[in-house]
Amino acid sequence: MNLVEELRWRGMIHDIMPGTEEQLAKEMTAAYIGYDPTSDSLHIGNLASIMMLVHLQRAGHKPFALVGGATGMIGDPSGKSEERVLLDEPTLRFNQICIQKQLEKFLNFNVQPNAAEMVNNYDWTKDFSFLQFLRDVGKHLTVNYMMAKDSVKKRMESGTGISFTEFSYQLVQGYDFCWLYEHKNVKLQMGGSDQWGNIVTGTELIRRKLGGEAFALTCPLITKSDGGKFGKTEEGNIWLDPQKTSPYKFYQFWINTSDEDAADFIRKFTLFSKEEIELFTKQHNEAPHLRILQKTLAKDITIRVHSADDYNAALEASEILFGKGTTQTLKNLSEETLLAVFEGVPQCEIKENAISEGLNIVDFLSEKTQIFDSKGEARRMLKEGGVAINKEKIAESFLVTGACLLKGKYILVQKGKKNYFLVKVES
RNA sequence: GGGGAGAUACCAGAGCGGUCAAAUGGGGCAGACUGUAAAUCUGUUGGCGCAGCCUUCGGAGGUUCGAAUCCUCCUCUCCCCA
């Protein structure tokens, strides 16, 4: 199966420039995707495009991961309704290093002849003078052309307008493609569908400036069946950085996807073959309560993004928290397991003397541990039966005492069905 | 430059002198049902010492026993004419 066919059945093609498939069939083709260092970690929204590079390499082509040290300094107007605040340079450089490290995990940099390469557009942009840029790059495209781009048009129509800086973004990105075409023989740029306009500016620039032919391929924006934004939870993005999103939370995110989404995500985010996925889907439909799709999906991604150990820990924690575990099994856990299992669970601390005489549950949940923002909220949820201590539902009259402690110093608080907190009691 | 409309809780959007902590819808959260799913139903959605009190309706003043509601000024947004 060739790359385009592969991506197509996975639902990962949104737009493809005519001739792209022929180019890929003709020879080993180098392609790139860019990542701007707008944050110190990639999030799962970036995962789809990373997978495109992975598929590319598996199909025998050569992937380039570009870190946007330069473009990140400008700000991409695509999909943004308002001008963005510029990040300062130390932050950008720091983010750039973090993102680079994360990208390295997914690609093979040693296989010949199509080893992956990492490039940074800052390298070929930093010494490019403004005047030179205007003469060498700006001259090839009309402002009319640039203004016709959706990303620009939208901002021109909105009240907020667009700065010259962000307006120029497509030129900088377009030039990247041009540079890579010229120096690295990169003939294809891929990315999310929101990047189509920028990518086409690149192919256009290559055509006019170098007389060359280059191609574009984008994948659709990942969506959820219920219309919600993919990859966001109440607490924010799901990050690839385990410091920002613990492997446990990461695993939980995938486990919680709906049936409909799981069938879609497993195609896009794992490397299972068509036959395997069809089998999983069949098994899932026969016994939906086993949630084979979610489990397979969560396992595969967690292992690939984090590690097998992280997966096992997340799985164990999940089984204790969501399985048939009772207060008794909790009490029987060794302190070591307890801590290991709850590593990814939010934790807070409380002084032992606060509970020695019995502490009102409302104060415990709000003032002392901040598990709830206010006492009113804590009371409300207690009334609704949404709070459990050590897996036992409790009422508003409950008193927190030494008898609640696991291993003499831990209390497991459950807010609603899925949110756990580990409270450490310090003497 | 002239004329008009508006700014209300997370969002949308009622309220137009007391009965307004503010209708309704969406979203969020929780409960039931389940499969840690979806759909559905129910409850809840400013704070607190919670049958009471405190702080909220763009900002600052004022009228009034009493204002989200009336007046003045300010800030911002939108629309129409030039």
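In what follows, every heavy atom counts, from backbone to side chain, and hydrogens, waters and symmetry copies are set aside. Every chain is numbered from 1, with letters handed out A, B, ... down the list of sequences.
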Picking from rA37(B), rU44(B), rA32(B), which would you name as closest to the side chain of E384(A)? rU44(B)
So what's rA12(B) paired with, Watson-Crick or G-U wobble, going by both distances under 3.5 Å? rU24(B)
Between the side-chain atoms of Q252(A) and the base atoms of rU36(B), is any donor-acceptor pair under 3.5 Å? yes
Gap in Å between the two C1' atoms, one belonging to rG66(B) and one to rC16(B), rounded: 16 Å
Whole angstrom is fine here: how far is it from CG in L293(A) over to C1' in rU36(B)? 15 Å
Taking rC29(B) as the reference, what is the distance to rG46(B) when you measure between their P atoms (whole Å, please)? 16 Å
My understanding is that only one of E426(A), E335(A), E349(A) makes a salt bridge (Lys or Arg N to Asp or Glu O under 4.0 Å) with K409(A); could you say which? E335(A)
If pairing requires Watson-Crick or G-U wobble contacts with both distances under 3.5 Å, which nucleotide is the partner of rG1(B)? rC81(B)
Spacing between K415(A) atom NZ and rU44(B) atom P, to the nearest angstrom: 19 Å
Rounded to whole Å, NZ of K418(A) lies from P of rG35(B) at a distance of 14 Å
Watson-Crick or G-U wobble partner of rC76(B), both distances under 3.5 Å: rG6(B)
Provide the Watson-Crick or G-U wobble partner of rG43(B), both distances under 3.5 Å; none if there is no partner. rC29(B)
Nearest-angstrom distance, P atom, rU8(B) to rC54(B): 26 Å
Proximal nucleotide (of rC50(B), rG35(B), rA30(B)) relative to the R379(A) side chain: rC50(B)
Separation of Q370(A) atom CD from rG47(B) atom P, in whole Å? 14 Å
Say we look at rG58(B) and rA7(B): how far apart would their C1' atoms be, to the nearest angstrom? 6 Å
Write down the distance separating the P atoms in rU34(B) and rA21(B), rounded off to the nearest Å. 42 Å
How are the rings of F269(A) and F265(A) set relative to one another: parallel (under 30°), tilted (30 to 60°) or perpendicular (over 60°)? perpendicular
Between P on rA39(B) and NZ on K224(A), what's the gap in Å once rounded to a whole number? 10 Å
So Q294(A), base contact, sugar-phosphate only, or nothing? Heavy-atom distance under 4.0 Å. base
For nucleotides rA68(B) and rU56(B), find the distance between their C1' atoms and express it as a whole number of Å. 10 Å
Between K393(A) and rA30(B), is there a contact of a side-chain N or O with OP1 or OP2 at under 4.0 Å? no
Distance criterion of 3.5 Å, no angle test: do you see the side chain of K295(A) paired donor-to-acceptor with the base of rU36(B)? no
For the pair made of CG in N360(A) and C1' in rC50(B), what is the distance, rounded to whole Å? 14 Å
Could you tell me how far apart N419(A) (CG) and rG28(B) (C1') are, to the nearest whole angstrom? 13 Å
Counting only side-chain heavy atoms from C-beta out, which of rU36(B), rC48(B), rG31(B) sits nearest to S374(A)? rC48(B)
Salt-bridged, R93(A) to E89(A), with N to O below 4.0 Å? yes
Whichever of N256(A) and E367(A) has its nearest RNA chain B nucleotide further upstream toward 5': N256(A)
Which one is paired to rU55(B), where only Watson-Crick or G-U wobble pairs with both distances under 3.5 angstrom count? none
Mind checking whether F250(A) and W239(A) have ring centres under 6.0 Å apart? no
My understanding is that a pair needs two contacts under 3.5 Å, Watson-Crick or G-U wobble. By that rule, which nucleotide pairs with rG18(B)? rC65(B)
On a whole-Å scale, what distance lies between the C1' atoms belonging to rG17(B) and rC71(B)? 13 Å
Does a side-chain N-to-carboxylate-O contact under 4.0 Å join E278(A) and K282(A)? no
Kindly say whether W9(A) contributes a backbone atom to a donor-acceptor pair with the side chain of R267(A) at under 3.5 angstrom? yes
When you get a sec, tell me which of rC33(B), rC50(B), rG35(B) is the closest nucleotide to the side chain of H289(A)? rG35(B)
Work out how far the C1' atom of rC11(B) is from that of rU45(B), and round it to whole angstrom. 14 Å
Which listed nucleotide (rC50(B), rG35(B), rU44(B)) is nearest to the side chain of R380(A)? rU44(B)
State whether F372(A) and K415(A) meet the cation-pi test: NZ (Lys) or CZ (Arg) under 6.0 Å from the six-membered ring centroid, and within 45° of the perpendicular axis. yes
Does rG49(B) have its OP1 or OP2 closer than 4.0 Å to a side-chain nitrogen or oxygen of K375(A)? yes
Can you measure F372(A) atom CZ to rG46(B) atom C1' for me and round it to whole angstrom units? 17 Å
